[in-house]
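What follows is a short report on a single structure.
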Amino acid sequence: MSRVVVVTTGGTIATSTGADGVARPTQTGDDLTAGLHTGVDVDVVDLMAVDSSQVQPADWDRMRAAVASAARAGADGVVITHGTDTMEETALWLELTHHGDLPVVLTGAMRSADAEDADGPANLHDAVTLAANPDARGIGVVVTLAGTIWQPLGLTKTGAGFVGVDVTPGPRRRPSLGEVIAATAPRVDVVATYAGSDAVALDACVAAGARGVVLETLGSGNAAHAVIEGVRRACAAGVAVVLSSRVPGARVTVGYGPGRMLVDAGAVVAATLPPPQSRVLLAAALTAGQPVAEVFARWSDVPEVRPAAVR
Ligand code: ASP
């Protein structure tokens, strides 16, 4: 019989709703797996029980350690249950740092475990079944919810669920940045831009020790002149600045004057990768000591998150 290790970290898949109407993680791994009928032997590791807004980079190292110990123990696959708010960030970090053939499947839920129409049990069933599937060897880290399997790169939570690049069980092209330790990653911030924005936030991030900044630019990669000046200062100080867009589905083309000035100031383009995942990719690249421009040229253009053609 196949054996899968289920690592729990919290999230809506594990919540019940208190008398105050607030959903908090209360369900253990044994609770979550009690009703599973997959024909798979399941071991549980209760790693954390948090809303995923509380997940820290050091927790990604703990998840990786749990995966490594499952691999050493001869498991066929690993499932990680996780809140959906930051699932795209955890999944990408794990993807960038996971090696080998062991499938690692993240799943969660959009509705609380105590809801009548809870989606967690079906998602967990799918995740365990996938992790145990011999065809999934080499698939790396994937996310499954609502019957779809996604690669981490390009995955984005929206109001209506996730959008991203779906995959099928089997080996695939996986981005990798080596065995880097998240707890040693330098500070990397995301800075918003908007009509009338200045460089106060950007300068503050640099002053706080940021070694990388993802600028959540306007449209196809633009920002106000005061921000461009801040980017110039940051780049001159050796801070890696990456241009992502605040527009869902946008492509950063830097085809306008301000965008060109940002690139001339030393900023690197994240073609279609949204700000949260650009931040993870930048942090991993800096931690691994890899050239930021090369990493983003190679991995930030995720075709399926391109905008639809505008007529
Ligand atoms: N706030 C929850 C979390 O990310 C949302 C969810 O799991 O869907 O932990």
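Quick note: residue numbers are just sequence positions, from 1. Both counts, for ligands and for their atoms, begin at 1 and track the order of listing.
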> What are the atoms of ligand 1, with element, lying closer than 4.0 Å to any heavy atom of D51?
Replying inline: 1 (N), 2 (C), 3 (C), 9 (O)

> By number and element, which atoms of ligand 1 are closer than 4.0 Å to a non-hydrogen atom of D85?
Replying inline: 1 (N), 2 (C), 3 (C), 4 (O), 5 (C)

> Between R251 and D301, does at least one N-O distance fall below 4.0 Å, as a salt bridge requires?
Replying inline: yes

> Quick one: does A109 get an N or O within less than 3.5 Å of an N or O on ligand 1?
Replying inline: yes

>> Could you report the tightest heavy-atom contact between L94 and I80, atom names first, then the distance?
In response: CD1-CD1, 3.7 Å

>> Which residues pass the ring pair (Phe, Tyr, Trp, His ring centres under 6.0 Å) test with W60, not counting sequence neighbours?
In response: W93

> Hey, which atoms in ligand 1 end up nearer than 4.0 Å to a heavy atom of G11?
Replying inline: 7 (O), 9 (O)

>> Within this structure, what is the CG-OG distance for the pair L215 and S197, rounded to the nearest 0.5 Å?
In response: 8.0 Å

> At what distance is the nearest protein heavy atom to atom 8 (O) of ligand 1, and which residue and atom is it?
Replying inline: T84 OG1, 2.5 Å

>> Please classify the S53 to ligand 1 contact at 4.0 Å (heavy-atom distances, strictly less than): side chain, backbone, both or neither.
In response: neither

> Which pairs, with at least one residue in residues 141-159 and sequence neighbours excluded, count as a salt bridge (charged side-chain N to carboxylate O under 4.0 Å, His left out)?
Replying inline: D85-K157

> Considering only protein heavy atoms, which is closest to atom 9 (O) of ligand 1, and at what distance to one decimal place?
Replying inline: S52 N, 2.7 Å

> Looking at T12, which atoms of ligand 1 are within less than 4.0 Å of one of its heavy atoms?
Replying inline: 2 (C), 5 (C), 6 (C), 7 (O), 8 (O)

> Between L273, V214, V292, which is the residue that forms a side-chain contact (heavy atoms from CB on, under 4.5 Å) with L281?
Replying inline: L273

>> Under 3.5 Å, is there a donor on one side chain and an acceptor on the other for D126 and T129?
In response: no

> What about H82: any of its N or O atoms under 3.5 Å from an N or O on ligand 1?
Replying inline: no

